[in-house]
Amino acid sequence: MSPAMAVSVTPRDKSADERPDGEPALADSAPVGLAAIGDPLTRQIRHRGIVTALGAATAWLIGTATPGSARWTSTMALCGVVGAQLVQTVTGRSHSPLVLLTALG
C-alpha cells in the first residue's frame with residue numbers, strides 16, 4: 001500500500017508526456033475521455049498483465065521445483081505477483097525517492 005500512496009503524491013514527470021519526436025502526447029490533443037481509452041491504455045494493461053503473470057508463473061515454477069508443500073508454492077507465486085508489481089511501480093516512477101524508499105521498505 002505504501003508504494004501506491006507514494007505514487008499518488010509524487011508529481012508526474014513532464015518528459016513522460018512528450019513523444020520522442022518532440023510533439024505533444026495524445027492527451028494534449030484529444031479530449032480526456034478519448035485519451036484514456038484506446039490503444040495506449042490497452043497496450044499498458046496488456047504489458048502490465050504479462051509482466052505480472054510472468055512473475056507469478058516463474059515463482060510458482062521455482063516453488064514446484066523445490067521441496068515443500070502446495071501452500072509453500074502458492075505463497076511463492078503470491079510473492080512473485082507482489083514483486084512484479086513493485087518492480088513495475090519502481091520503473092514507472094524511478095525519479096521519485098519517496099517511491100523508491102517505500103518500495104524498498
Q: Can you name the nearest heavy-atom pair linking Met76 to Ala59, along with the distance?
A: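 In this case the closest contact between Met76 and Ala59 is O-CB, 3.1 Å.
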Q: I'd like to check the side chain to side chain contact (heavy atoms under 4.5 Å, CB included) partners of Leu101; sequence neighbours left out, ordered by chain and number.
A: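 Expected list: none.
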Q: Working to the nearest 0.5 angstrom, can you tell me the gap between Thr42 OG1 and His47 NE2?
A: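 Those atoms lie 14.5 Å apart.
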Q: Could you tell me the separation between the CD1 atom of Ile45 and the CD1 atom of Ile50, rounded to the nearest 0.5 Å?
A: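 Spacing of CD1 (Ile45) from CD1 (Ile50) equals 12.0 Å.
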Q: What's the shortest heavy-atom distance between Leu54 and Thr58, and which atoms?
A: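 For Leu54 versus Thr58, the nearest heavy atoms are O-OG1, 2.7 Å.
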Q: Considering non-hydrogen atoms only, spot the tightest contact between Ala77 and Trp60 and give its length.
A: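 Taking Ala77 first and Trp60 second, the nearest heavy atoms are CB-CB, 4.0 Å.
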Q: Return the set of residues passing side chain to side chain contact (heavy atoms under 4.5 Å, CB included) with Val81 (not counting sequence neighbours), or none when no residue passes.
A: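 Expected list: Thr52, Ala56, Gln85.
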Q: Would the distance check show the side chain of Ser96 and the main-chain N or O of Arg93 forming a donor-acceptor pair, the cut-off being under 3.5 Å?
A: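 No: the side chain of Ser96 does not pair with the backbone of Arg93.
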Q: Examine distances only and state if a side-chain atom of Thr64 and a backbone atom of Leu61 form a donor-acceptor pair shorter than 3.5 Å.
A: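 Pair found, side chain donor or acceptor close to backbone of Leu61.
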Q: Sequence neighbours left out, what passes side-chain hydrogen bond (donor to acceptor under 3.5 Å, both in side chains) with Gln44? Give chain and number order.
A: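 Scan of Gln44 (side-chain hydrogen bond (donor to acceptor under 3.5 Å, both in side chains), adjacent residues dropped) gives none.
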